[in-house]
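Below is one structure, written out as structure tokens, with a few remarks after it.
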Amino acid sequence: MPTSHRGNAPDNATLIGFTNLRHARTTRPMVMEKGKGIFLIDENGREYIEGTSSFYSAALGFSDQDLVEAAVRQMRQLPAYASGLYRTVPAALALGEKLASMAPLTNARVAFASTGSEANDFLIKFMLFRNAHRGEPQRVKVIARAGSYHGATIATAPLGGFPGTARAFNLPMDDVILVSQPDYVNGALAGEEEAGFTARMLSEIEQAIERAGPETVGAMILDPVSYSAGCVVPPAGYLSGLRALLDRHGILLFDDEVITGFCRTGSMFAAQTFSMRPHCMTLAKALSAAYFPISAIIMDNEFYDGLERGSDEEGIFSHAATYGGHPVGAAVALRMIEIIEERDLLGHVRHVGPRLQQHLASLTGHPMVFNTRGVGLGGAVQLYSLPDSVGVRGRAMQDAMMAEGLLLRVVRDTINFAPPLIITEPEVDELFARFTRALGAVERAEPRS
Ligand SMILES: Cc1ncc(COP(=O)(O)O)c(C=O)c1O
């Protein structure tokens with residue numbers, strides 16, 4: 001028996017997600033103790049670059065004292081209070097106003113939650129409420145794209161079609177309509193031009209709507225650049241063409257900007273980068289640079305009117321969450337938005353993003369590299385998969401990168417890059433120096449055929 005200083009608690013009592021639980025029982029996880037800028041130090045004193053910002057979230061890295069001070073100030077003044085029953089806190093009101101003014105939506109209204117999953121889950125719940133109260137209770141289905149990720153809850157986990165995140169948990173999926181990820185590189189037919197591919201993707205959505213019965217479909221949800229699907233950058237005309245298509249059938253467009261919101265794609269929101277006109281948006285992660293759990297649902301005027309009408313009929317809008325509009329989260333998010341403006345983070349991303357894109361492009365032609373792609377301060381390197389062994393090279397890269405002190409998110413044989421927005425040009429160079437050494441190590445370790 002291993003000795004334990006934890007009384008009756010087993011070793012590794014904490015369940016850590018996306019691990020093999022049996023393996024995790026006896027394997028100590030990597031434990032991060034400190035952070036400085038884009039770097040993390042683990043409990044053994046080893047230093048790593050977090051090249052995907054810890055689940056695409058830590059937009060200011062791991063030691064921003066301005067944000068810490070904003071949290072401490074709010075903690076001292078009023079550390080806890082729930083918004084609901086005609087009561088709230090100043091920071092929640094100010095943040096709502098700020099986000100409404102920034103969002104590319106008409107007369108936007110804002111609701112708060114704690115996580116990205118919760119924001120998407122609440123938004124779907126709001127849609128069901130709205131539709132029920134406008135005489136369309138049958139409009140319950142949601143269109144989502146295979147490989148996208150919108151959350152871990154019962155309603156959101158099925159919105160992507162990962163076998164592991166939905167089917168393995170036996171979640172209800174009857175009201176989910178899955179369509180293809182618009183992945184031109186991997187999904188184009190032989191000889192198909194990008195414009196033809198885009199037209200085919202849009203037509204697939206239209207056909208799926210017709211098959212399901214347009215009057216039963218409430219919304220389509222999408223992540224504009226799907227990092228979970230391997231950093232799929234949408235082909236020209238896809239996102240800008242969606243609104244008209246969905247409007248023809250009275251279907252809403254939900255823009256999940258949990259990863260892409262706040263400068264990642266080179267605009268404040270990806271909706272602007274790709275000229276998309278959503279009805280509603282969700283935000284999380286970079287909203288507070290992940291220093292405090294907070295997420296937001298932003299709704300256009302027309303959608304919100306539907307909620308108001310329903311609340312008139314019911315007498316009340318029976319929805320709140322204890323931490324939705326938490327004073328500390330709201331204060332941190334307000335400070336984050338000020339920092340974006342004060343430090344011209346968008347300008348910085350537009351300056352340093354091309355450096356990252358150059359490094360990605362320079363890997364094209366490497367014998368192991370099938371494709372590179374990206375937008376703004378993010379992108380991916382897709383390796384050729386070994387025959388009948390998808391993911392094997394990706395796993396080898398994971399280990400090799402770790403040995404080089406580099407943490408990046410690997411999706412099968414695709415490696416995603418989305419460093420903290422504060423990364424400098426020399427740091428981008430260092431990140432790619434480590435990546436290239438890891439790539440070389442994997443190449444040398446493979447048996448020659
Ligand atoms: C696009 C997108 N939406 C939603 C979520 C869920 O956010 P959370 O993990 O905060 O619940 C994620 C998480 O990675 C995400 O990438």
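Worth knowing before you read on, the calculation uses all heavy atoms, side chains too, and leaves out hydrogens, waters and symmetry mates. Each ligand, and each atom within it, is numbered from 1 in the order the structure gives.
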Practice prompt. Answer side chain, backbone, both or neither: which part of Ala284 comes under 4.0 Å from ligand 1, heavy atoms only.
Written response: neither
Discussion item. Quick check on the 6.0 Å ring-centre criterion: do Phe417 and Phe432 meet it?
Written reply: yes
Worksheet item: What atoms of ligand 1 come within less than 4.0 Å of a heavy atom belonging to Asn120?
Response: 3 (N), 4 (C)
Discussion item. Give me the residue, atom name and distance of the protein heavy atom closest to atom 3 (N) of ligand 1.
Written reply: Asp256 OD2, 2.6 Å
Item to complete: Please lay out, stage by stage, how Asp42 and Arg46 fare under the test salt bridge (Lys or Arg N to Asp or Glu O under 4.0 Å).
Response: CA-CA 5 Å; Asp42 75 8; Arg46 285 213 60 200; 5.6 Å; no
Worksheet item: When you look at NE2 of His351, are more than 12 heavy atoms from neighbouring residues, nucleotides or ligands closer to it than 6.0 Å?
Response: no
Fill in: Close approach, Glu118 and ligand 1, non-hydrogen under 4.0 angstrom
no
Worksheet item: Is there a donor-acceptor pair closer than 3.5 Å between any side-chain N or O of Glu425 and the backbone N or O of Arg355?
Response: no
Discussion item. Looking at every non-hydrogen atom in both residues, tell me the closest pair between Lys285 and Phe55 and how far apart they are.
Written reply: NZ-O, 2.8 Å
Worksheet item: Should the proximity of Thr156 to ligand 1, defined as any heavy atom under 4.0 Å, be assigned to the side chain, the backbone, both, or neither?
Response: neither
Discussion item. Quick check on Tyr149 - does any of its heavy atoms sit under 4.0 Å from an atom of ligand 1?
Written reply: yes
Discussion item. Using the rule given for salt bridge (Lys or Arg N to Asp or Glu O under 4.0 Å), can you reason through Glu302 versus Arg134, listing the C-alpha separation, both sets of side-chain angles and the distance that settles it, and then say yes or no?
Written reply: CA-CA 12 Å; Glu302 193 280 331; Arg134 69 204 301 268; 3.4 Å; yes
Discussion item. Salt bridge (Lys or Arg N to Asp or Glu O under 4.0 Å) for Arg335 and Asp64? Distances and angles first, verdict last.
Written reply: CA-CA 11 Å; Arg335 187 71 190 110; Asp64 195 284; over 6 Å; no
Item to complete: Looking only at distances, please establish whether an N/O atom of ligand 1 is found under 3.5 Å from an N/O atom of His150.
Response: no
Response to the item:
Heavy-atom proximity to atom 8 (P) of ligand 1 ranks first, among Gly116, Pro293, Ala157, for Gly116
Worksheet entry | atom 9 (O) of ligand 1 - nearest protein heavy atom and its distance | Ser117 OG, 4.3 Å
Fill in: Protein heavy atom at shortest distance from atom 14 (O) of ligand 1
Lys285 NZ, 2.8 Å
Worksheet, complete the sentence: One finds that the ligand 1 atoms under 4.0 Å from a non-hydrogen atom of Ile259 are 16 (O)
Worksheet item: Distance-only, no hydrogens or angles: does the Asn120 side chain make a donor-acceptor pair with backbone N or O of Thr282 under 3.5 Å?
Response: no
Practice prompt. May I ask you to list the atoms of ligand 1 that are less than 4.0 angstrom from any heavy atom of Val258?
Written response: 2 (C), 3 (N), 4 (C), 5 (C), 12 (C), 15 (C)
Item to complete: Please identify which atoms of ligand 1 are closer than 4.0 Å to at least one heavy atom of Thr115.
Response: 10 (O), 11 (O)
Discussion item. Under 4.0 Å between a side-chain nitrogen and a carboxylate oxygen: does that hold for Arg434 and Glu430?
Written reply: yes
